[in-house]
Peer 1: 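Below you'll find the structure I mean.
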Amino acid sequence: MAPRRLRTTARDRSRRVLSQNFLADPAAVARIVRAARPDPDDLLLEVGAGRGQLTRSLAARCGRLIAYEVDPAVLPELTATCAPLPHVEIRAADFLSAPPPEEPFSVAGNIPWSLTAAVVRWCLAAPGLRAATLLIQLDYARKRAGDHGRWSRLTVLTWPEHHWRLAGRVPRGAFRPVPAVDGGILRLERRTVPLLAPGVLPAYRRMVELGFGGVGGSLAASLRTAHPRRRVDGALRAARIAPDTPVGLVWPEQWLVLFRLLHAPG
């Protein structure tokens, strides 16, 4: 006899579409709040507030909080949770469609994992962003923070203006429903002083895109398409990069050395 097929409810379908994995562990909530370091004077935007498990703890430490949640099934519980918190505003709206505040602000949240890349792009493009603390899939967090020993193109491209780091790990058992993998806390901070002058950032990004483009089969070969061989070889030696080093193993700091040497006058 074939096993009976369980009926899929509207709530099950909503969870699948919205990638919702709610936090059920107070220790995990505390870990995220410590990583976010809300300031009593801060404006904080929470992405995917859910039922308010994280909202309460964040609100206790920030000046104002705007909580975004699009799932109508959890909005009544979120509203009830935040009713005693006058400095919390609930917006039943898509965070990704919201214009960034004009004043300085931070972002935090246990975000829908399927929207991770889009939320990160939104944060990087927001001029007033101070920092973002995002609970996401562990592997994505490790990839962006260089925790595997490899560095992604996006991390290297944005390194002069943003610092990326893995701020913690949240076991899969801390979520309901339980996902297939652990979560990771990604901390993205805008530097108060960029590592390169704004005027040279486009040239830096072009160099990084060229290096990651794979032209010629190696970083050295790619860079030689735009710079003299002798200059490229000297810059690689100065940055302690072997000519056959895979591009993903080049540290962001080494990219900065390469840029300064290859774009120096003379």
Peer 1: Centres of the W159 and W151 rings: under 6.0 Å?
Peer 2: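 Centroid distance W159-W151: below 6.0 Å, so yes.
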Peer 1: Dump the intermediate steps for side-chain contact (heavy atoms from CB on, under 4.5 Å) on Q53 and T81, then the final yes or no.
Peer 2: CA-CA 9 Å; Q53 294 95 331; T81 297; over 6 Å; no
Peer 1: Spell out, as yes or no, whether a donor-acceptor pair under 3.5 Å connects the side chain of R172 to the backbone of V178.
Peer 2: no
Peer 1: Heavy-atom count around E102 CD within 6.0 Å, excluding the residue itself: above 12?
Peer 2: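 Result for CD/E102: open.
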Peer 1: Check for me, please, whether L65 and L85 land in the same ILVMFWY cluster - side-chain distances under 4.5 Å, paths through other members count.
Peer 2: yes
Peer 1: Not counting sequence neighbours, which residues clear side chain to side chain donor-acceptor pair (under 3.5 Å) with T155? List them please.
Peer 2: S152
Peer 1: Can you give me the closest heavy-atom contact between G211 and L219, atom names plus distance?
Peer 2: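 Shortest heavy-atom contact: CA-CD1, 3.7 Å.
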Peer 1: Salt-bridge test for R130 and D39: reply yes if a basic N is under 4.0 Å from a carboxylate O, no otherwise.
Peer 2: no
Peer 1: Looking at S218 and A221, what are the two nearest heavy atoms and their distance?
Peer 2: OG-N, 3.1 Å
Peer 1: Just verifying a value: how many Å separate R51 CZ and L23 CG, rounded to the nearest 0.5 Å?
Peer 2: 11.5 Å
Peer 1: Roughly how far, to the nearest 0.5 Å, is CZ of F22 from CG of L54?
Peer 2: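 Those atoms lie 12.5 Å apart.
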Peer 1: Is I66 reachable from L75 through a run of hydrophobic residues whose side-chain heavy atoms are each under 4.5 Å from the next?
Peer 2: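 No, L75 does not connect to I66 through the hydrophobic network.
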Peer 1: Please tell me if the side chains of L129 and F105 come closer than 4.5 Å, counting only heavy atoms from C-beta onward.
Peer 2: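 The answer is yes, as the side chains (C-beta and beyond) meet within the 4.5 Å cut-off.
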Peer 1: Atom CZ in R231, atom CG in L236: separation rounded to 0.5 Å?
Peer 2: 13.0 Å
Peer 1: If you compare all heavy atoms of V119 against all heavy atoms of V47, which two are closest, and at what distance to 0.1 Å?
Peer 2: CG2-CG1, 4.4 Å
Peer 1: Quick check: do L195 and Y204 have side-chain heavy atoms less than 4.5 Å from each other?
Peer 2: no
Peer 1: Let's go through V88 and R56 carefully: what are the C-alpha distance in whole Å and the side-chain angles of both, what is the deciding distance for side-chain contact (heavy atoms from CB on, under 4.5 Å) to 0.1 Å, and is it a yes or a no?
Peer 2: CA-CA 9 Å; V88 174; R56 289 189 299 265; over 6 Å; no
Peer 1: Is the shortest side-chain heavy-atom distance between R260 and L256 below 4.5 Å?
Peer 2: yes
Peer 1: Quick one: are T116 and L134 in side-chain contact, heavy atoms under 4.5 Å?
Peer 2: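 SC-SC contact between T116 and L134 ruled out.
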Peer 1: Determine whether R64 and E89 satisfy the following criterion, salt bridge (Lys or Arg N to Asp or Glu O under 4.0 Å), listing intermediate values before the conclusion.
Peer 2: CA-CA 8 Å; R64 287 190 297 136; E89 175 187 349; 5.8 Å; no
Peer 1: Can a salt bridge be assigned to the pair R61 and D42 using a cut-off of 4.0 Å between side-chain N and carboxylate O?
Peer 2: no
Peer 1: Say whether, by atom type as modelled, one donor and one acceptor occur between the side chain of H87 and the main chain of A59 under 3.5 angstrom.
Peer 2: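 Here the side-chain-to-backbone pair exists.
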Peer 1: For residues R150 and L249, determine if any side-chain heavy atom of one lies less than 4.5 Å from a side-chain heavy atom of the other.
Peer 2: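 Touching, per the 4.5 Å side-chain cut-off.
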Peer 1: Please indicate whether R229 has more than 12 foreign heavy atoms, meaning atoms of other residues, nucleotides or ligands, lying under 6.0 Å from its CZ.
Peer 2: no
Peer 1: Return the minimal non-hydrogen interatomic distance between L262 and A235, and the atom names on each side.
Peer 2: CD2-CB, 3.9 Å
Peer 1: What is the distance from atom CG of L124 to atom CG of L188, rounded to the nearest 0.5 Å?
Peer 2: 5.5 Å
Peer 1: Quick check: closest heavy atoms across P171 and R31, and the distance to 0.1 Å?
Peer 2: CD-NH1, 4.0 Å
Peer 1: Determine, using the 4.5 Å side-chain heavy-atom cutoff (strictly less than), whether V29 and L78 are members of one ILVMFWY cluster.
Peer 2: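 Each belongs to a different hydrophobic cluster.
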Peer 1: Just wondering, do V156 and V247 contact through their side chains at under 4.5 Å, heavy atoms?
Peer 2: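 Not touching, per the 4.5 Å side-chain cut-off.
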Peer 1: So which atom in H162 and which in W164 form the shortest heavy-atom distance, rounded to 0.1 Å?
Peer 2: O-CD1, 3.8 Å
Peer 1: Mind checking the CD-CG spacing from E69 to D94? Nearest 0.5 Å is all I need.
Peer 2: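 These two atoms lie 10.5 Å from each other.
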Peer 1: Kindly determine whether I136 and V120 satisfy side-chain contact (heavy atoms from CB on, under 4.5 Å), including the steps that lead there.
Peer 2: CA-CA 11 Å; I136 57 178; V120 167; 5.7 Å; no
Peer 1: Does V107 reach the side chain of W122, with side-chain heavy atoms less than 4.5 Å apart?
Peer 2: yes
Peer 1: Would you sort out whether F175 and N110 count as a side-chain contact (heavy atoms from CB on, under 4.5 Å), showing the intermediate values?
Peer 2: CA-CA 10 Å; F175 299 92; N110 172 27; 3.8 Å; yes
Peer 1: Is there a path from L154 to L196 through hydrophobic residues (I, L, V, M, F, W, Y) whose side chains come within less than 4.5 Å of each other?
Peer 2: yes
Peer 1: Looking at side-chain heavy atoms only, is the closest gap between L96 and R121 below 4.5 Å?
Peer 2: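 No, every pair of side-chain atoms sits at 4.5 Å or beyond.
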Peer 1: Which of these passes salt bridge (charged side-chain N to carboxylate O under 4.0 Å, His left out) with D147: R169, R142, R165, R187?
Peer 2: R142
Peer 1: Any chain of hydrophobic side-chain contacts (each under 4.5 Å) joining F259 to V250?
Peer 2: yes
Peer 1: What's the separation between atom SG in C123 and atom CD in E189, rounded to the nearest 0.5 Å?
Peer 2: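 Nearest 0.5 Å value for the SG-CD distance: 12.5 Å.
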Peer 1: Is there a donor-acceptor contact under 3.5 Å from the side chain of Q254 to the main chain of A239?
Peer 2: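 Here the side-chain-to-backbone pair exists.
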